[in-house]
Structure formats: C-alpha cells, structure tokens
Amino acid sequence: MAKPGLPQGTRDFGPEVVRKRQYIFNTIRSVFELYGFQPLETPAMENLDTLMGKYGEEGDKLIFKILNNGLDNADKHEQARADFEKVLEGKNVKGLTERALKYDLTIPFARYVAMNHGQLTFPFKRYQIQPVWRADRPQRGRYREFYQCDADVVGSNSLLNEVELANIYKDVFDQLGLTGFELCINSRKILAALAEYCGGAEKMTDITIAIDKLDKIGLDKVKAELAQRGLNDDQINTIEKYLGISGSNEEKLQRIGVLLGHLETGKKGIEELDFVNRQCAGASGGSLVIDFTLARGLNYYTGIIFEAKAPATVKIGSIGGGGRYDDLTGLFGVPNIPGVGISFGVDRIYDVLEELNLFPEGVYTGTQVLFFNLGAEESKTAFTTMQDLRKQGVRCELYHEPAKMNKQFNYAEKKNIGFAVIIGSQEIQNNSAVVKNLKTGTQETVALADLSNKLFI
RNA sequence: GAGGUUGUAGCUCAGUUGGUUAGAGCGCAAGUUUGUGGCACUUGAGGUCGUGGGUUCGAGACCCAUCAUCCUCCCCA
C-alpha cells in the first residue's frame, strides 16, 4: 500500500487548528454582517471560460483545470488525441477541460451578478467565505488551496463604500488584536495618470508591475526593471520623482497634486484618495496609509485599491487586498455595474496571529465535563446524569469504557477538560456525585439533583 | 515555469574520514499506585535509514536517477 499523503500545497486542519481558524472566520463574518453584507456561496468549480482571461497571462497559467470525464470512451479516442495535441501546444480545449476550480471569489461573484442582476436589489452587498485554488508553487504563506473572505458592494459609485470597507479592515484587525497592521491605499487613476504623464499610457501595466516591487527590491532595481520593460530615461526620471513622494497622507496628496494634478485622471484620483482619507481620519485612526507604490496585479481594478499589510515584524506581507472595478460584469455581457470589494487572506492572518501569539485562551475550549466510567452499573447512572447536563447546554462526555481513574484523568488532561464528575458505587448509594475541578484540584460531593445547577466553567 | 534545500522511530532531530547489533528527547504502553490525574522512577513496544539503481569486501553516509518536502525567483492571499 502506498503511503498516504496530501496533494502539494494542501493541508489537513486538526481540531485545534480548526478552532483557531473558526475564530478568525467568525470575527470576519460578524463584522461583515455588522456592516450589512449578506452571505453568498458559489460552486468550487466554474466553466473554464468564465475564468480564463480574467487574471492576466500569469493568472491563466495558475488556474487549476479539471480533466473531463469519459475521455476513455472508445468513441471519443480520436477526438481526445487531437485535442491533446492542441493542449501540448499550450491551448485550452473544451473537449478535455471544460471546467476549472475557482481562482478567486470576485469573478464567480461577477458571474453571479451578471446572471441575476434582474433579481438583485442594488446596491448589492455580499460577503463570501470559501476556498479557492491556485496551481502555484507552494512556499511560506502560500498554498494551493486557501480560503478567501470577500466583501463586495456592486451597483454603487459612492466612495462611501470605500470608506466602509476601510473601516471593516480596521474593525476586523482590531478585534483580532492585530495592532500595527497597515492599510495601504492608492488609486488606479493616479497610476494611469502617471503612465499618461510619462507618455506611455499603454505601458501602465509594465509600470505598475515594476513599481509595486519598490519596498521589496529597492529603487535601483525598479529602475532597471522599468528600463528592461522598454521605458526611456526621461520616463524613468518622472517615475522616480513620483516614487520619491513621502510624508503624511496630506503632504503626499499635496505633492502628488503638483506632479499629476493637471491631468484629468490624476485630479480625479487625488480627489478620491482625499475623500477617503478625510472620512477615515476620524473613524479609523492612523492605520490608513496612502501609498503611491501600491499597484496590485489584477487588471480589473479602476479606482481606489487597498492592500492590508501585516505588521512589519512578521515577514509575510499582504494579508488582504481589494479595490474598485467600474465594469466587472461587463466581461459577462452586463455593462455598467460598478463595484468595490475587499478580501481577507485567512491562511496568512492565521500565520500572523500564531507568530504574534494573539489567539485568545477561549478558542481552545471543547468538552467541559468528563464523566468517569467506573463500571457497567455505575456508568448507567453517569450516562443519564450526563444527558440531563447536556440538556442544560453543558458539553459533556462519558469515558468510553471502564478504566482506571488514572487513565481517565489523563484523558481529561489531554483534552483540556475542566471538570471530572465521578460516580461510583458509594455515590450511587447516596444519590450524589463527586465533582472535581481539574485545574485547581479541589473537589466536592454534590447531590445528583443539584448537579445541573453547577456552572462548569 | 527557473533555481536551491532537506528526506533516519508517531513527532523533533543526532549519527565522526564508509566498518560489527542505527541512537536521544518528546510522545505511546505497562508498572511502582485495585477510588483521585499532572511530578518522579522502572520497564517495554516501535526503523526495509523516502524509493530504485550503482561504487565497495562493507553504504544511513559516496555517485546517478526518481518521488516527496520546504524555501527563493516569477506572481500572488
């Protein structure tokens, strides 16, 4: 028999880990609900052509494709072989792969909105917490299956939505105790204006990809990359000026105005940032940072973009991101539905909380009371007593077989159970039970009838 | 897609320039203790050294291949 194993980049989650993950999910979900977002779920798989071409050239390569069933059918052999030849040339063929695992939650959501826009009440605010898959090479903080938690508002152009989303980030990270996170914000319009100003509007993607790496590789390497991507010295000098902008949010806005304020798109972008910055200043404190180097890879963003960064001490980088897309459903034939959304990367948030030791004690609690099993007769009484407690909402279990107390204590210890209820022959005679607090070691004898009045915490 | 790292007990890892019977800690089981745990002590179980070839009198160690893993780049959460 082959050794059991997991597909690369996937993980099992044991009981403790699930509890901790649930803690994160619940925190995020409750904040989403608090802001009036409604839940949505979409299938694990989508039609391949729903996904292809939405994430850029690199993204297409990272989509997990699903091999069609029934290819071994003799009638289809010839067609399958021909199709395979095409795949070897790097093409996608419906005959072989019609479906794919979803790559993110935004495109499936756009597909859903496009299919249901007639029935939806706009603005439609939905949140979605589901796994997504990427055929990436796994490494630190990067998996092939991971969860995203998205919240999007579609059908509204108001920048108030951006403000709300920024505050959701703050609320969630505050509740998780993750002080020191940074919410970086920029506008694609400013990036577009920069490209336009350089005289290379069509080079916007090249420019954004390069400058996004500034904090990672440094100015010199960014300039080298810009040159390699076909920008001339003049253009690079302008970009260097742009990247050199620093100071407080207000100072940055003032300085970018000098550089790009004369351009229509630039002016708009600055107004957007200014509005969000002002609105958040009171509410969300100092966590909002205007960062002109923030670019984000996904092509469909058109306005404000967000990126939540873990505290610098944890070298894990982005723990969430999002932005505005003016015409997402246009890709699916339904134009003029604007939207803005954000995403939390739970797997990375988990790693950050773990590293900073921020999980609260409470997440580890499971069973509250272990009933000892001291024999066939004794365990009958224990069982009925236990069922009474369960009706009161106390989480209980009965040791699965008669055993030495030693063993049963150890079991309780391992499972971090707070109380033992011991019912032996003596207790049965007196209609009582011994309740022992396993943390403190103190114990008392309680009448069976009074047991349900006890608080096992 | 490119580059590198590591694979030895359930887990974390030692294992010298190639040499007889492959070790430790933790965990597990039993006992000291037949109704009171955590500690301590004693004893025990558990390995085809990732897999397949090769070099050698002799390979856990050296060579080749292969699989897996983790990490870096690309890109991303």
Side-chain angles (χ1 to χ4, degrees), chain A residues 2-11 14 24 28 55-63 90 102-106 129-150 205 208-210 212-213 216-217 221 225 228 294-299 306-310 315-323 341-352 370 372-375 378 399 402-428 433-445:
Chain A
K3 262 193 219 166
L6 285 170
Q8 194 179 40
T10 66
R11 299 151 296 162
I24 300 172
I28 293 172
Y55 307 107
E57 218 174 293
E58 284 298 317
D60 282 356
K61 286 185 200 158
L62 299 181
I63 292 170
K102 68 174 171 238
Y103 178 89
D104 74 352
L105 302 179
T106 309
I129 299 179
Q130 287 193 275
V132 300
W133 293 267
R134 296 189 188 175
D136 214 351
R137 193 158 289 215
Q139 49 186 278
R140 179 177 157 84
R142 172 182 284 186
Y143 309 97
R144 285 186 155 177
E145 179 186 64
F146 62 96
Y147 271 73
Q148 286 190 330
C149 306
D150 280 26
T205 309
T208 54
I209 288 173
D212 197 32
K213 296 176 190 165
K216 241 189 203 170
I217 63 176
K221 285 189 177 167
E225 180 156 348
Q228 197 206 325
L294 176 62
R296 296 197 55 80
L298 295 174
N299 297 335
F306 297 106
E307 186 156 313
K309 287 181 182 162
K315 287 183 184 141
I316 209 161
S318 171
I319 50 176
I342 55 169
S343 177
F344 288 87
V346 175
D347 301 81
R348 286 190 177 176
I349 292 172
Y350 181 98
D351 290 345
V352 173
L370 179 69
F372 274 31
N373 188 332
L374 297 176
E378 292 88 336
Y399 196 80
K404 287 186 189 173
M405 299 188 83
N406 185 332
K407 252 188 134 169
Q408 308 196 38
F409 273 118
N410 275 329
Y411 177 80
E413 180 77 16
K414 288 267 162 55
K415 287 194 67 176
N416 201 17
I417 296 172
F419 292 86
V421 171
I422 302 166
I423 300 175
S425 49
Q426 280 176 37
E427 285 77 16
I428 288 179
V434 172
V435 176
K436 178 157 184 169
N437 182 325
L438 297 177
K439 300 261 152 59
T440 63
T442 56
Q443 65 180 54
E444 58 180 326
T445 303

Quote, to the nearest angstrom, the [atom1] distance that separates [N] from [M].
N: B:G60; M: B:U48; atom1: C1'; value: 12 Å
N: B:U32; M: B:C49; atom1: C1'; value: 36 Å
N: B:G47; M: B:G10; atom1: C1'; value: 12 Å
N: B:A9; M: B:U5; atom1: C1'; value: 23 Å
N: B:G50; M: B:U8; atom1: P; value: 6 Å
N: B:A59; M: B:C73; atom1: C1'; value: 36 Å
N: B:U56; M: B:C63; atom1: P; value: 16 Å
N: B:C64; M: B:C26; atom1: P; value: 39 Å

Base, sugar-phosphate or nothing for [X]? Non-hydrogen atoms, less than 4.0 Å.
X: A:G320; value: sugar-phosphate
X: A:S318; value: sugar-phosphate
X: A:Y143; value: base

Give the rounded distance in Å between these two atoms: [atom1] of [X] and [atom2] of [N].
X: A:Q8; N: B:C71; atom1: CD; atom2: P; value: 11 Å
X: A:E58; N: B:C73; atom1: CD; atom2: P; value: 15 Å
X: A:E57; N: B:C75; atom1: CD; atom2: P; value: 12 Å
X: A:R348; N: B:C75; atom1: CZ; atom2: P; value: 14 Å
X: A:D351; N: B:C70; atom1: CG; atom2: C1'; value: 14 Å
X: A:D136; N: B:U72; atom1: CG; atom2: P; value: 12 Å
X: A:D60; N: B:G1; atom1: CG; atom2: C1'; value: 15 Å
X: A:K414; N: B:C28; atom1: NZ; atom2: C1'; value: 8 Å

- Message: Keeping A:R134 on the side-chain end and A:L62 on the backbone end, is there a donor-acceptor pair under 3.5 Å?
- Response: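 Such a contact is absent between A:R134 side chain and A:L62 backbone.
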- Non-hydrogen atoms of A:E145 and A:P131 that approach each other most closely: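 Taking every non-hydrogen atom into account, CG-CB, 4.3 Å.
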- Task: May I ask you to verify if any side-chain N or O of A:Q139 is less than 4.0 angstrom from the OP1 or OP2 atom of B:U72?
- Result: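 Yes, within the criterion.
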- Query: If only side-chain N and O atoms of A:K61 are considered, is one of them under 4.0 Å from the OP1 or OP2 phosphate oxygen of B:C74?
  - Reply: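 So the side-chain polar atoms of A:K61 never come under 4.0 Å of the phosphate oxygens OP1 or OP2 of B:C74.
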Nearest to side-chain heavy atoms of [X], which nucleotide of [options]:
X: A:Q148; options: B:C75, B:C28, B:A77; result: B:A77
X: A:K407; options: B:A30, B:U69, B:C75; result: B:A30
X: A:R140; options: B:A77, B:C75, B:U72; result: B:U72

- Task: Map A:G141 and A:G9 onto RNA chain B by nearest heavy atom, then report which one ends up closer to the 5' terminus.
- Result: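 This one resolves to A:G9.
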- Please figure out whether A:K213 or A:L6 has its closest RNA chain B nucleotide nearer the 5' end.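 Comparing both residues, the 5'-ward one is A:L6.
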- Query: Counting a pair only when it is Watson-Crick or G-U and both distances are under 3.5 Å, which runs of at least 3 such pairs involve RNA chain B?
  - Reply: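 Paired runs of 3+ in RNA chain B: B:1-4 with B:70-73, B:10-13 with B:23-26, B:28-32 with B:40-44, B:50-54 with B:62-66.
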- Message: Tell me if the aromatic rings of A:F344 and A:Y147 count as close, with their centers under 6.0 Å from one another.
- Response: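 No; A:Y147 has its ring centre 6.0 Å or more from that of A:F344.
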- Interatomic spacing from CD in A:E378 to CD in A:Q426 - rounded to 0.5 Å: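 Between atom CD of A:E378 and atom CD of A:Q426 there are 11.0 Å.
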- Reported OG1-to-CD distance for the pair A:T10 and A:Q8, which is rounded to 0.5 angstrom: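 Interatomic distance, A:T10 OG1 to A:Q8 CD, rounded to 0.5 Å: 9.0 Å.
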- Sequence neighbours excluded, which residues qualify as ring pair (Phe, Tyr, Trp, His ring centres under 6.0 Å) partners of A:Y399?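 Only A:Y411 meet the ring pair (Phe, Tyr, Trp, His ring centres under 6.0 Å) criterion with A:Y399.
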- Message: For nucleotides 35-42 of chain B, give me one character per nucleotide, 5' to 3': B if any protein heavy atom sits under 4.0 Å from the base, S if the only such contacts are to the sugar-phosphate, - if neither.
- Response: BBBB----
- Query: Does A:W133 reach the side chain of A:F146, with side-chain heavy atoms less than 4.5 Å apart?
  - Reply: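 Contact flag for A:W133/A:F146 side chains = no.
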- Return the set of residues passing side chain to side chain donor-acceptor pair (under 3.5 Å) with A:R11 (not counting sequence neighbours), or none when no residue passes.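 By the side chain to side chain donor-acceptor pair (under 3.5 Å) rule, A:R11 matches A:D347.
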- Item | Modelled atom types, side-chain donor and acceptor of A:Y143 and A:D136, under 3.5 Å |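 No, because no side-chain N or O of A:Y143 sits under 3.5 Å from a partner of the opposite role on A:D136.
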- Query: Going by distance alone, is a donor N or O of one side chain under 3.5 Å from an acceptor N or O of the other, for A:N437 and A:T442?
  - Reply: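 Result is no, nothing qualifies.
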- Message: side chain to side chain contact (heavy atoms under 4.5 Å, CB included) for A:Q130 and A:L105? Distances and angles first, verdict last.
- Response: CA-CA 8 Å; A:Q130 287 193 275; A:L105 302 179; 4.0 Å; yes
- Task: Look at atom NZ of A:K213 and say whether more than 12 heavy atoms of other residues, nucleotides or ligands are closer to it than 6.0 Å.
- Result: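 Result for NZ/A:K213: enclosed.
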Distances under 3.5 Å only, N/O to N/O: pair up the protein atoms with those of nucleotides 3-8 of chain B.
none

- Please identify each residue that fulfils salt bridge (charged side-chain N to carboxylate O under 4.0 Å, His left out) with A:K61, with sequence neighbours left out.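 Residues passing salt bridge (charged side-chain N to carboxylate O under 4.0 Å, His left out) with A:K61: A:E58.
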- Worked verdict on A:V132 versus A:R144 for side chain to side chain contact (heavy atoms under 4.5 Å, CB included): CA-CA 8 Å; A:V132 300; A:R144 285 186 155 177; over 6 Å; no
